[in-house]
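Scope of the values below: all heavy atoms of this structure, side chains included, with no hydrogens, waters or symmetry mates. What you are looking at is a predicted structure, and each value in this text was computed from that prediction instead of being measured. Nothing fancy with the numbering, it's 1 onward along the sequence.
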Amino acid sequence: MTIYDIAKELGVSPTTVSQALNGNTRVAAKTRARVTEFAMHNGFRRSEQARNFRLKRTFNIAIVVYNIDNDFWCGFVKAVEDALGEEYNVLLCNTEGNPEKEKKIFFNLMQRNVDGVIVQPASDEKKHFMDMVRNSIPVVLLEETEEPELSFVKGNDHLAAYRSTKVCIEQGYRKIAFLSIPPDCVGGREWIRGFKQAVAEEDCIGEVLYVKETTCEEVEKVFLPRVGEFPLVFCDTHLICMLLRVLFTHHVRIPEDLSLIAWSNKYFLSYMTPSISIISIPVEEIGRRAAGIILRNLNGEPHVEKTFIDETLILRESFQPSAGSPPAGVSGQ
């Protein structure tokens with residue numbers, strides 16, 4: 001059965017049938033419903049290949065991530081899928097932080113004519129991104145870029161670290177540690193820059209403790225000898241599980257012996273006893289905004305957007321004000 005058969009049976013034009021099956025609102029709702037119902041009950045199947053060829057689209061959007069082993073991407077991918085709608089497919093690619101692998105992925109995606117790409121860059125190199133853009137394939141980065149033809153959407157890592165550190169200093173903390181892997185992306189460097197700026201302005205002691213391997217043994221070696229020096233520690237998302245294991249194993253009480261804030265969206269942290277304070281990254285909003293930029297470009301509106309989205313400090317049971325300070329002024333969740 002073809003759209004011409006449907007048109008003949010229903011007494012409408014083939015163009016009306018085509019538009020109705022595509023959900024075009026210029027066709028009256030009753031007519032759309034009548035065409036759709038007739039097609040469904042009579043075994044009509046639309047040729048997606050022919051449609052895609054006509055529209056010069058594949059309806060595939062790629063998400064290229066730095067490290068797929070991070071539950072950040074669960075909420076992000078869902079938000080992108082929801083924002084794009086049922087018409088689009090999402091392809092998930094993992095670079096493992098390897099710039100050469102990233103270039104190969106972009107080459108393959110271009111050969112397969114994807115309609116757009118959302119990427120967490122593996123390096124500062126932008127040539128393969130620009131190759132996409134100059135072939136009319138919109139690209140949205142999840143890290144900041146000054147390149148005028150590239151969009152980005154990301155959490156404001158520097159400002160979040162700066163503000164959160166300031167809140168802790170206001171609560172009486174004068175010695176603060178930041179436990180981190182060596183920063184290998186712009187976001188990680190911005191966390192540390194914001195932290196260092198805040199402690200320098202307040203003439204406090206702030207030290208970044210780098211862990212070279214994401215293992216409990218390495219966290220124990222780096223942090224355990226320093227526990228007594230720092231009553232408060234910020235911990236990045238890659239290390240929070242290892243740090244909690246080390247602290248519990250060595251009977252370091254949270255928050256009595258050590259207040260703890262994780263830079264993480266890991267859902268289980270709110271269910272722990274004590275519940276763990278976090279700096280929450282607006283995953284869903286970032287995903288929606290990135291998808292929106294892709295759609296605007298695909299719908300004929302050339303558009304570059306550079307957007308920071310605020311991240312939120314959520315203080316829970318793992319944080320208590322330092323002795324003699326006023327109660328914390330940030331609401332918990």
Can you confirm whether more than 12 heavy atoms, excluding those of [X], are under 6.0 Å from its [atom1] atom?
X	atom1	result
Asn299	CG	yes
Tyr4	OH	no
Glu229	CD	yes
Arg226	CZ	yes
Glu86	CD	no

What's the spacing between [X] [atom1] and [Y] [atom2] if we round to 0.5 Å?
X	Y	atom1	atom2	value
Ile68	Gln120	CD1	CD	11.5 Å
Asn156	Asp310	CG	CG	6.5 Å
Met132	Met110	CE	CE	4.5 Å
Ile314	Leu269	CD1	CG	10.5 Å
Gln320	Gln171	CD	CD	11.0 Å
Asn297	Ser151	CG	OG	6.5 Å

With a 3.5 Å distance limit and no angle check, can you tell me whether [X] reaches the backbone of [Y] through a side-chain donor-acceptor pair?
X	Y	answer
Ser275	Glu317	yes
Glu102	Ala122	yes
Lys8	Pro14	no
Glu301	Arg296	no
Thr36	Ala33	no
Ser164	Leu313	no
Asp115	Phe59	yes
Thr307	Val153	no
Arg288	Asp82	no
Ser277	Arg316	yes

Handout entry: Among Glu201, Arg193, Lys196, Gln197, side-chain hydrogen bond (donor to acceptor under 3.5 Å, both in side chains) partner for Tyr162
Key =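 Result for side-chain hydrogen bond (donor to acceptor under 3.5 Å, both in side chains) with Tyr162: Glu201.
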
If we only count heavy atoms from C-beta on, is the [X] to [Y] side-chain gap below 4.5 Å?
X	Y	value
Tyr210	Ile192	yes
Val252	Phe223	no
Leu239	Leu209	no
Val80	Tyr88	no
Tyr66	Leu142	no
Leu244	Leu260	yes
Pro121	Leu141	yes
Val65	Val77	no

If Ile, Leu, Val, Met, Phe, Trp and Tyr residues are connected whenever their side-chain heavy atoms lie under 4.5 Å apart, and connections chain through other members, are [X] and [Y] in the same group?
X	Y	answer
Phe308	Ile286	no
Ile276	Leu179	yes
Phe152	Ile61	no
Ile254	Ile278	yes

Classify the ring geometry of [X] against [Y]: parallel below 30°, tilted from 30° to 60°, perpendicular beyond 60°.
X	Y	answer
Phe178	Phe195	perpendicular
Phe129	Phe106	tilted
Tyr173	Phe319	tilted
Phe76	Trp73	perpendicular

Practice task
Check the side chains of Thr312 and Ser280 for a donor-acceptor pair under 3.5 angstrom, ignoring hydrogens and angles.
Solution key: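 Thr312 and Ser280 do not have a side-chain donor-acceptor pair below 3.5 Å.
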
Handout entry: Any donor-acceptor N or O pair under 3.5 Å, side chains Glu147, Thr145
Key =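 No donor-acceptor contact under 3.5 Å links the two side chains.
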
Practice task
Would you please name every residue forming a side-chain contact (heavy atoms from CB on, under 4.5 Å) with Phe107, sequence neighbours left out?
Solution key: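 By the side-chain contact (heavy atoms from CB on, under 4.5 Å) rule, Phe107 matches Gln111.
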
Would you mind checking if [Y] and [X] are paired as a salt bridge, meaning a charged N to carboxylate O distance below 4.0 Å?
X	Y	answer
Arg163	Glu311	no
Glu285	Arg289	yes
Lys221	Glu218	yes

If I compare all heavy atoms of [X] with all of [Y], which pair ends up nearest, and what's the gap?
X	Y	answer
His251	Asp257	O-OD2, 4.0 Å
Leu243	Val219	CA-CG1, 3.9 Å
Ala83	Leu295	O-CD1, 3.5 Å
Lys306	Leu150	NZ-O, 2.6 Å
Val27	Ala20	CG2-N, 4.1 Å
Lys266	Thr237	CE-O, 3.4 Å

Practice task
With sequence neighbours left out, write down each residue that passes side chain to side chain donor-acceptor pair (under 3.5 Å) with Thr214, or none if nothing qualifies.
Solution key: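 Partners of Thr214 by the side chain to side chain donor-acceptor pair (under 3.5 Å) criterion come out as none, since no residue qualifies.
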
Handout entry: Member of Asp124, Asp157, Asp236 meeting the salt bridge (charged side-chain N to carboxylate O under 4.0 Å, His left out) criterion with Arg189
Key =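 Answer to the salt bridge (charged side-chain N to carboxylate O under 4.0 Å, His left out) test with Arg189 among Asp124, Asp157, Asp236: Asp124.
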
